[in-house]
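Below: the structure, in structure tokens.
Proteins get letters first, then strands, A, B, ... in listed order; numbering begins at 1 in each. Note that these values count all heavy atoms, side chains included, but never hydrogens, waters or copies made by symmetry.
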There are 2 protein chains.
Amino acid sequence: MRDSRRRPTIADVAKAAGVSKTTVSRFLSHQTEYIAEETYRKIEQAIQGLHYEPSQMARGLKAKRSRLIGIIVADIANPFTTAILRGAEDVCHKHNYSLLVCNSDNDPAKEQNYIRTLRSHQIDGLIMHTTGYNQSMLLALQKEKTQVVLLDRDVSGMHVDLVGMDNTQATYDALNYLVRQGYRSIAYVTAPTADISTRIERVQAFRSFVAEHGIEEHSPVFQVEGDQSLIECMTAFMNKKPVMAKAVFTGNAVILLKAALVMQNLGYRIPYDVGFISFDDPDWADIVGITTVSQSAYEMGVKAADRLVARLGGDTSDAKRFHVAAMLKERGSTPQVAIGQSLNRRRPS
Amino acid sequence: MRDSRRRPTIADVAKAAGVSKTTVSRFLSHQTEYIAEETYRKIEQAIQGLHYEPSQMARGLKAKRSRLIGIIVADIANPFTTAILRGAEDVCHKHNYSLLVCNSDNDPAKEQNYIRTLRSHQIDGLIMHTTGYNQSMLLALQKEKTQVVLLDRDVSGMHVDLVGMDNTQATYDALNYLVRQGYRSIAYVTAPTADISTRIERVQAFRSFVAEHGIEEHSPVFQVEGDQSLIECMTAFMNKKPVMAKAVFTGNAVILLKAALVMQNLGYRIPYDVGFISFDDPDWADIVGITTVSQSAYEMGVKAADRLVARLGGDTSDAKRFHVAAMLKERGSTPQVAIGQSLNRRRPS
DNA sequence: TTGTAGGCGTTATCAG
DNA sequence: CTGATAACGCCTACAA
């Protein structure tokens, strides 16, 4: 008698159905053509009765496939990441893959650690929102036929699909909009760029733009780490003479929130004292009324998983870059201002 | 010669080090006492050289452990969930477990599907934020020695650890606070309770409270599904006579955001026309100034994973309920009002 | 149409 | 101190 506390195996099913393991295996892999009607029904019943479910571990060991897809994200608390996860999860679920979610915290060492762990679990593919520092491990993974798709951030020297956005274009779009609205003093606030391609591209685009428009003198880039440095930067920016219409441009939703809070605590009101615009489009931007450059993170997650699944399905076409569209969502935080207008614009009554 | 495109196996390491697989295996399981210094070094070098990493699939097959922990969450887009994931992930990572994240979308069928998938992957344990409808599958899992910890929501008849909060107490705390602030007409807005224990408990607590305080006539419970019904409910609530200070109490951050937006679109201002309080404490509550009943979701994730890891480590103590503290975070959305004060309180100037 | 006999990569047992 | 061997659950030639 089988121990009901043990998960049933294919042997249990075989015994219950009075056939061999091979026949059950055929049933499982839908090679149903050569199975007698009678046998088919018996196996079916045995499986139902035992609540049998094939072991992915055993299957994987044989087939060298795990039906596991790894995803390493930089910050799981970021709504941008959440939306990506949701998209990737939807696609993986549809194709019967499961998602191993890892949170690197933007820490290259933690990321490396996770790559190792994922490799030990024989992941079939990896969706990588990378710190940018683990190129060699990723290349090694690739060599072992683990498919890799880069998400958002690029890694130099990797010839794989990348799903992201045109950061230079998006930065220019946002800045053109701000200038049209009358702002001539713009601070770009970002977490330290480190080796993160998107951050670097955006900062470069920002610098080019403000130089081209001759407003670089009043348009600094702040790479902030920690709340204290943010407070200092915001204070310095707001105190900078000459007094004129200023706007803050934040690199993601997390920094947006922090910067907005700092401004509030410093006694500045958005948008009456300072304009705000941000990359990312957290759900709460709607209610606070923050103009954003929305990246459609959900689409990115979907697309990345789609590409990965396609590769796993045998697509060997050349590695490609996919850009999801960025969309400027205009809200109340960036009203039109008279050029050179001073601070302390009155709240409309 | 070994194919470098194949992941190295223990046999490759053994050959490279000139020892047997057994010896390498001893090395891997840190039974280092009986290994000669010389041998130890050779194995170490072979592993380094080959970038060998033991296969979890093979290990799992043998040991019937996968070092995989499944977590099924109801809504991955909810910041409450994100915080939980972060907590659980931190703990799992520390103990060398990986997290298989599944998003049930509050759909019992999808949840059932995921339970099956996770079982097929031989998860060692499951953290369950459940729809409440898959009791029998969970019991079956348990019988197979898969540890289960319930998160937030209870399942009747399951004798396992549960990490959650005291919903009745928290509801009373919030309502007592509102009454102290002067509100006498309070709407509780929740997603349909379905079989979700927390939602049911909160609604019951709300009903008891308003009955005890004799304000049930002006204090409805709205179970809303979809934006249209939310608009109708909010409109009805605000139009209800007599005109008096009203407050909306939302069951989670997602509904909070929707309800606040609806109010805004209907032309009501928070808190001048209507007070707001909510379960959950999304990061943006700070900047908008919403009073919340914070659940410390991160702590819940940590605690749940801690319990699971403890069980996996052999803890066989009785199943227990763990309550994280709920904390009322008072912000601007629930100002003190004169009892019975009418709508359209003026914005302070 | 069905069954037998390996082998996937690892660990445990037992014997040197 | 070290090594041969069997077994975990499944799949896949090859046979019958």
**Report entry** Chi angles and distances behind the side chain to side chain donor-acceptor pair (under 3.5 Å) call for Gln147(B), Arg307(B)
**Finding:** CA-CA 10 Å; Gln147(B) 298 294 337; Arg307(B) 286 314 303 151; over 6 Å; no

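- Across the protein-nucleic acid pair, Glu53(B) atom CD and dG9(C) atom C1' stand 14 Å apart, rounded to whole Å.
- Between Gly157(A) and Gln135(A), the shortest heavy-atom contact is CA-NE2, 3.9 Å.
- Proximity of Tyr52(A) to the phosphate of dC10(D): a side-chain N or O atom is located under 4.0 Å from OP1 or OP2.
- The side chain of Arg59(A) places an N or O atom within less than 4.0 Å of a non-bridging phosphate oxygen (OP1 or OP2) of dC11(D).
- Regarding contacts with the backbone of dG3(C), a side-chain N or O of Ser20(A) is found under 4.0 angstrom from either OP1 or OP2.
- Tyr40(B) comes within 4.0 angstrom of no nucleic acid atom, judged by non-hydrogen atoms across all strands.
- Contact annotation: Thr39(A) side-chain N/O to dT1(C) OP1/OP2 distance is not under 4.0 Å.
- Closest-nucleotide positions on DNA chain D for Leu61(B) and Tyr34(B) were compared, and the one nearer the 5' end corresponds to Tyr34(B).
- Atom CZ of Arg65(A) is separated from atom C1' of dC11(D) by 11 Å (rounded to the nearest Å).
- Protein atom CE of Met57(A) is 12 Å distant from nucleotide atom P of dT11(C), rounded to whole Å.
- Evaluation of atom-type donor-acceptor distances gives no pair under 3.5 Å for the side chain of Lys62(B) against the base of dT10(C).
- Put simply, CZ on Phe27(A) is 19 Å from C1' on dT12(D), counting in whole angstrom units.
- The side chain of Pro54(A) sits closest to dC10(D) out of dT10(C), dT2(C), dC10(D).
- The side chain of Leu28(A) lies closest to dC11(D) when the candidates are dG9(D), dC11(D), dT2(C).
- Here dT10(C) is the nucleotide among dT10(C), dC1(D), dT1(C) with the atom lying nearest to any side-chain atom of Ala58(B).
- Across all strands shown, Ser55(A) has heavy atoms under 4.0 Å from sugar-phosphate atoms exclusively, and none from any base.
- In this structure a side-chain-to-backbone donor-acceptor pair under 3.5 Å is present from Asp315(B) to Ser317(B).
- Residue Lys110(B) places its NZ atom among more than 12 non-hydrogen atoms of other residues, nucleotides or ligands, all under 6.0 Å distant.
- Here Ser29(B) lies out of heavy-atom contact (under 4.0 Å) with every strand.
- Glu38(A) has its CD atom 13 Å from the C1' atom of dT1(C), to the nearest Å.
- Scanning atom types as modelled, one donor and one acceptor separated by under 3.5 angstrom connect the side chain of Arg26(B) and the base of dT2(D).
- Counting any heavy atom pair closer than 4.0 Å across all strands shown, Thr22(A) reaches a base atom.
- Using a 4.0 Å cut-off between charged nitrogen and carboxylate oxygen, Asp195(B) and Arg153(B) do not count as a salt-bridge pair.
- Between Met158(B) and the options Asp161(B), Val155(B), Leu162(B), a side chain to side chain contact (heavy atoms under 4.5 Å, CB included) holds for only Val155(B).
- A straight line from CD of Gln122(B) to P of dG9(C) spans 18 Å, rounded to a whole angstrom.
- For Ile35(B) and Lys64(B), each mapped to the nucleotide of DNA chain D holding its nearest heavy atom, the one lying further toward the 5' end belongs to Ile35(B).
- As judged by a 4.0 angstrom heavy-atom cut-off over every strand, Lys21(A) is placed among the base-contacting residues.
- When rounded to the nearest whole Å, the span between CZ of Arg7(B) and P of dT10(C) equals 8 Å.
- With dC1(D), dT12(D), dG9(D) as the candidates, the nucleotide lying closest to the side chain of Ser25(A) is dT12(D).
- Whole-Å rounding puts the Ile10(A) CD1 to dC8(C) C1' distance at 15 Å.
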